[in-house]
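Below you'll find the structure, written out as structure tokens, and then a few comments.
Per chain, numbering begins at 1; letters A, B, ... match sequence-line order. None of the values given here were measured: they were computed from a predicted structure.
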Amino acid sequence: GGGAGSAARCCWHCRSVSLCEPGGGSRSVGAAAAAIVMNKDLRRERDSASFNPELLTHLLDGGAERTRRRREIEALVLNNPDFQHEDLNFLSRSQRYEEAIRKSALMVVKLREYGIADPDEIYWFKSSIHRGRPEPLDLHLGMFLPTLLTQATLEQQDRFFMPAWNLEIIGTYAQTEMGHGTHLRGLETTATYDPATQEFILNSPTVTSIKWWPGGLGKTSNHAIVLAQLYTQGQCKGLHAFIVPIRQLGTHDPLPGITVGDIGPKFGYDEMDNGYLKMDNFRIPRDNMLMKYAKVEPDGTYVKPLSDKLTYGTMVFIRSHIVGDSARSLSRACTIAIRYSSVRHQSELKPGEPEPQILDYQTQQYKLFPLLATAYAFHFVGAYMKQTYHRITGDINQGDLSELPELHALTAGLKAFTSWTANAGIEECRMACGGHGYSRCSGLPDIYVTFTPSCTYEGENTVMMLQTARFLIKSYTQVSSGQLVSGMVSYLNDLSGQHIQPQQVAARPTTVHINDPASLVEAYKLRASRLVEAAAKNLQAELNRRKSQEDAWNRTSVDLVRASEAHCHYVVVKLFTTQLSEINDAAVHAVMNNLCLLYALYGISKHTGDFLQAGILTDAQVTQVYQRVKELLAAIRPNAVALVDAFDFHDNHLGSVLGRYDGNIYENMFEWAKKSPLNKTEVHESFHKHLKPMQSKL
Amino acid sequence: MPMHSPAMLQCLGCKHYQGFQQSQMAQWNRSGYFRSSGSRDVNPDLEAERQTASFSVERLTTILDGGADNTRTRRAVEAVIHSDPGFSRENQYFQSQNERYEEAVRKAVLLKEKMHQMGWTEDGPETKYCYRALGGDLAFNVHRVFKNSILALGTDEQIAKWIPLADEYHIIGTYAQTELGHGTFLRGLETTAVFDISTQEFTLNTPKISAMKWWPGDMGRSATHAVVFAQLYIKGKCYGLHAFILQIRSLRDHSPAPGVIVGDIGPKMNFEHIDNGYLMLQNINIPRENMLSRFSQVLPDGTYVKRGSDQINYLTMIVTRVQMLWNEVIPMLLKACTIAIRYSAVRRQSKLNPGDPEAKILEYQTQQQKLLPLLATAYAFHFMNAYVNEFYNKGYTEIKQGNFDSLPELHALTSGLKAIITDYCTGGAEVCLRACGGHGYSALSGLPFLYTKLPASCTYEGENTVLFLQTARFLVKCLATVHSGQPIPPSAAYLSSVDSGKCQAWTKMDFLKPDIYAEAYRHRATRLLGNAATKLQTLVQSGAEQYEAWNKCTVQLVQAAKAHCYYIVVKNFIDTVEKLRNEAEIQKIVKHLCDLFALHGIFSNTGDFLHDGYMSGDQMDMVTASYLDLLAVIRNDAVPLVDAFDFTDENLNSALGSYDGHVYQRLYEWAQKSPTNQQVSQAYASYLKPLFQSALSKL
């Protein structure tokens, strides 16, 4: 029964009906009146759903209580007029930055006022305020403060942490340089210790060494944690972190010796003042080096850290967060595209009949439903990553690092796999909305530009895939030498001692059942193991031909990336399938089973070559897979809107006219357009400046 | 959605120009204008790439331009445009929507004066080069569509009345077809034009919100007039869509005409310089003469007269598509490749061998795999131009003579090519953006601009999925013709040929033979179309209605249409290579590109070729091996191959892609000019200062 669910949702969405505009700024009465009447197509879609979406929302949130609490926290934002503002699409970059800063400052105050301290709850609060966008304090909260906690001595924490907590100090994390991102050892910034004054002298010796990109650096921060090559007693001791004041307290002017500014406009990230930082013989006291692990004594003696693996933790955490973000961003895009596709009517299917909803076209379903399935799949992967992270970091704190390499390999690959897929998927959703998808009122360009950079930051995706590949090859080598491996790569054990040739694999009896998710997991497993083996053999062949390990690796890297992708794809199918067994409600289970099948079979249909070449599937089965995919599209069609409703995005957070819960798109597009800056005056000034003079001249 | 139409609809026969002023061109010799930044020395990493080129870049440039004369003209135009600071695009990335629009209007007016001054005419060869030099950053592109629709649909009197006014910009026109609720399905448009015999006028209305005209370029702020498409009603009977000219703004003070509500549709993903608009009409009366009446007319007594065939309309649509591809879409992929490949030869990151300096990122196989197939694609698409032009010119002549036989094929071919080219160019620009690491995301790389602009082309002038299905419909008909033994249109003639059903390659070298891969593509196209058609037939025979069966096969039909288009592009690339037989060095490198393009397509879709056993697993391994070998070969000429596109720095407008390769210096200097560094923000004083004050005493 969808009845109860509908009521609950309706309540939730109508509660702040006056804010239901994209950007959510003005509380227009007109919109409120319109919002009461739900578009009839959407109403019909919702009424005919075969399951209660509320139950699915609970599943995604991790329990009914968490759903309740999330909505409660989001309501704190929605009901506070100070968090509202004009539609950001109509503001300049400077104005958007200013709005973001205003909200961020208020956010910190409110977090304390409401006593919100749980990391998930902070996340809900923050993403509701900033509507999924980055903000200038991201690096302060996400990097500066945590780095102080993990790498500063107690004395340093006394000096810096509380002022930073109270935003008297706002800091950023300056690692990337203009010439260096991926290859950290190549960073050029130097910190040279001067025992005479007990100071470090910081320098950006070349143009390429200028710090470039750190968020919040351009305009906001007055401090930065700077990563630099440490020189003491004439020797380079590698990268270390230093707390560097960059702007004058009181005036906010750059300190002498510091050149700092904004790096200019970007693809998205308009709210963020990504910055540059150049240092010329800038001196900081010795105790501004973060010295919980490595130390420099007053006389310049360098004391080595005990373990350098601990910094993995932050990296793993942020990357696994990107996996969840992939799911959320793709879910938002799917919500918009699927709601719009059930409201938009175009052309004719049957001559003489009214124009159908575009969601009834097979090609439209084929674009959107596999993405919907992917969004769900990634949600479950994100939840798994989070659990695993907490489980393993628990172990790390007790000193057990044995699972760290696998966790690191898994997060790297899944970060790349999910962000690549989600990125392409968001764009596909936008394209599926035709011309209106291109308008910023659709919200889709914004989701896209906000999400895309995650393919690059926190580890460039191709580099991430190759890190996973390194782990896979290492595991394969272990298996080849007779050792067993565990965890997600344990399927490689099956290769042990069998020396399977591809032909032999092909000769194996085919046992894949295309309607059984568990059997499809096996198929993906076989594909991954075949591609890992192929990459390993090609690597070996290159090694036999050439001397250099690195050269051979480079010449095999296309194969290696393919192997990693296959491994990640297997992990996702496996986790989605595992999730099915945890769903108790029969109606929800049925619809999720279809989505899971669609995810797995669509993936096969897009990589049939791998499955055919390895003899995992026959020609006839591949034909069946294509057919089954299309049947599943038809099966999912009646539940499509309910499935996106279950993501439970508030209109305010979606920021899309096309994706509005009530489906009243056309009148609201018109309302939105009227607020465009070009419409501020009835006659644009360029008429008087350029058009009129020309017309009189000619 | 005619958002813009670059130098569009100026006759396709641009390539036939002869009369340009050679003497004037001569003074702009290559060394004279050669890149504004030519005075700087070139980054040694880029210099090294250029010294090892296996062919003459200049020679390839002239081939790409279609002859040395064209290259000369193009450079002359670029020199004129770039030497006028009024056309500078340096601040483009820093400007607001309002500023961008104003700049576009200013530049359009300036260009008009400049062309007048230089003696360039609108249908002359220089126009498209002006457009190229300015990166399309001009207003009044849809004004051209407005004019062309009058030329195509208007009577001689109507043309005589309106065109001179439009030519001189005394009026600015727009082309109002797309509505809020309707784009693809033209018959569904809801705007009405009702004829009133007593007043001899049409009354135009947009009766509901979804009927509002939405998207037309130049409409939001500029246009004084519009060609409006509306359902014609006479005495209560609907006669379908017709075009009407109406005035929407005052020529005196530019205010909207009574009954007209007009404005800008708000910010988009790009095209900020274009004032895409909305238009609501409430009982607007226009005289009977304002219906464009070349093909149909309403007589004073309300009699509706239809004369001749308006099929020629299709031709307008086809020309628009074709021009958009070669003047707008494909050049953007060429630019993206230029930027990403030059940057990859300058950017060094990580080490390939311990002890060596950090390697150019172009040395990494994964980077080559991202960029070099795109470079090959850029060449493949560029070379399609000649083929389509030839096809078009032949068809155009026939159609002018009243023979419409080639129209369906011309339509199918250009629809499919439009879809596949815009799809690949859009995807390609994004790959280029992401292949440039963090700096690709900076607006100053030029890549966000290219990437956000390109995807619009997947929608306007025909939504790609719809276009693929149109091509598929044509192909299904051709297949039926094959079965009935009738002659088949040339572009689909291959459907009647028979292959052995097995790929004939024995070694990886065999896959460098055009016959081998052409055959593979032909086999795939034939098989996928055959499967889709069989499915369609089976469904119909089992009792499904035709429309229902069609919808159930559309996913397969789109795949078949794509395979067809891909085959056409591969085949044309092969033919182009053959025609270069007198250019040994160039033929060699272009052949490599052709091989790479073909093998990349197989490598990326292995299942299509393995399914049904056309290729074996061993053969697929050979494809992969040959494909990877080619990456390493083409890598050596990658920079010369993008140099040959001969984009000026002003044209690229990119800190990463400039000819001299001084990437970091340019990025740093340019960023400092950002308004965020030049203007005072209130953020500090209002929000940050109060927070920081309390730290003063403690630190």
Side-chain angles (χ1 to χ4, degrees), chain A residues 89 92 94 98 101-102 105 163 167-168 178 181-183 186 207-208 213 249-250 252 261-267 346-347 349-350 362-363 366 434-435 438-440 445 453 455-456 462 548 550 554 557-558 608-609 612-613 619 622 666-667 673 676-679 683-684 686-687 690 694 698, chain B residues 1 93 96-98 102 105-106 109 168 180 183-185 209-210 215 221 254 263-269 349-350 352-353 358 365-366 369 434 437-438 441-444 448 456 459 465 547 551 554-555 606-607 610-611 617 620 664-665 671 674 676-677 681 683-684 687 691-692 694-696:
Chain A
N89 287 301
S92 71
S94 273
E98 195 175 323
I101 273 285
R102 184 183 68 76
L167 295 185
E168 291 161 8
M178 205 176 327
T182 294
H183 187 58
V207 174
T208 47
W213 281 112
L249 289 168
H252 210 51
D262 174 85
I263 63 163
K266 295 144 298 190
F267 189 69
Q346 201 76 179
S347 303
L349 264 174
K350 186 175 184 179
Q362 190 188 54
T363 46
Y366 188 68
Y438 196 76
S439 165
R440 289 215 236 153
C455 294
T456 303
T462 303
S548 147
E550 289 76 10
N554 186 32
S557 52
V558 167
T608 52
L612 285 167
Q613 201 175 348
D619 282 0
V622 166
Y666 293 130
E667 48 275 59
S676 163
L678 257 68
N679 292 329
V683 176
H684 195 268
S686 67
F687 169 73
H690 306 294
M694 175 198 59
L698 286 166
Chain B
M1 181 172 70
Y93 303 134
S96 70
Q97 192 195 2
N98 247 327
E102 191 177 324
V105 170
R106 189 182 60 73
V109 171
E168 293 305 316
L180 194 45
T184 292
F185 189 58
I209 197 132
S210 57
W215 278 113
R221 296 282 88 187
H254 213 57
D264 175 88
I265 64 162
K268 297 142 294 192
M269 200 165 176
Q349 202 75 182
S350 305
L352 266 174
N353 291 304
E358 290 183 66
Q365 191 188 49
T366 46
Q369 197 215 355
R434 282 202 265 119
Y441 294 98
S442 166
L444 306 180
T459 306
T465 302
Y547 74 88
N551 190 31
T554 45
V555 166
T606 54
L610 289 165
H611 198 173
M620 202 49 81
Y664 298 118
Q665 194 63 34
S674 167
T676 40
N677 293 322
S681 164
Y684 171 69
Y687 307 112
L691 296 167
F692 296 159
S694 41
L696 264 177

Assert top hit (heavy-atom pairs under 4.5 Å, partner chain B, pool A:Ile101, A:Asn679, A:Leu612, A:Val207) equals A:Asn679

Using heavy-atom distances under 4.5 Å, tell me whether B:Gln369 contacts chain A through its side chain, its backbone, both, or neither.
side chain

Of all of A:Ser92, A:Gly186, A:Ser686, which one pairs up most often with chain B through heavy atoms under 4.5 Å apart?
A:Ser686

How are the rings of A:Phe267 and B:Tyr441 set relative to one another: parallel (under 30°), tilted (30 to 60°) or perpendicular (over 60°)?
tilted

May I ask you to name which of A:Thr456, A:Leu678, A:Asp619, A:Asp262 has the most heavy-atom pairs under 4.5 Å with chain B?
A:Leu678

Select one option (side chain, backbone, both, neither) describing which atoms of B:Glu358 are under 4.5 Å from chain A's heavy atoms.
side chain

What part of B:Arg221 lies closer than 4.5 angstrom to a heavy atom of chain A: side chain, backbone, both or neither?
side chain

When the 4.5 angstrom heavy-atom criterion is applied to B:Thr184 and chain A, the contacting part is both

Non-hydrogen atoms of chain A under 4.5 Å away: do they reach the side chain of B:Ser674, the backbone, both or neither?
side chain

Taking all non-hydrogen atoms of both residues, which atom of B:Gly183 and which atom of A:Gln346 are closest, and how far apart?
N-OE1, 2.8 Å

Ring geometry between A:Tyr438 and B:Trp215 (parallel below 30°, tilted from 30 to 60°, perpendicular above 60°):
tilted

A:Gln613 side chain vs B:Leu610 backbone, donor-acceptor pair below 3.5 Å:
no

Interface check, chain B: of A:Val558, A:Val622, A:Thr608, most non-hydrogen pairs under 4.5 Å belong to A:Val558

Chain B contacts, top residue of A:Arg102, A:His684, A:Gln362, A:Lys266 (heavy-atom pairs, under 4.5 Å)
A:Gln362

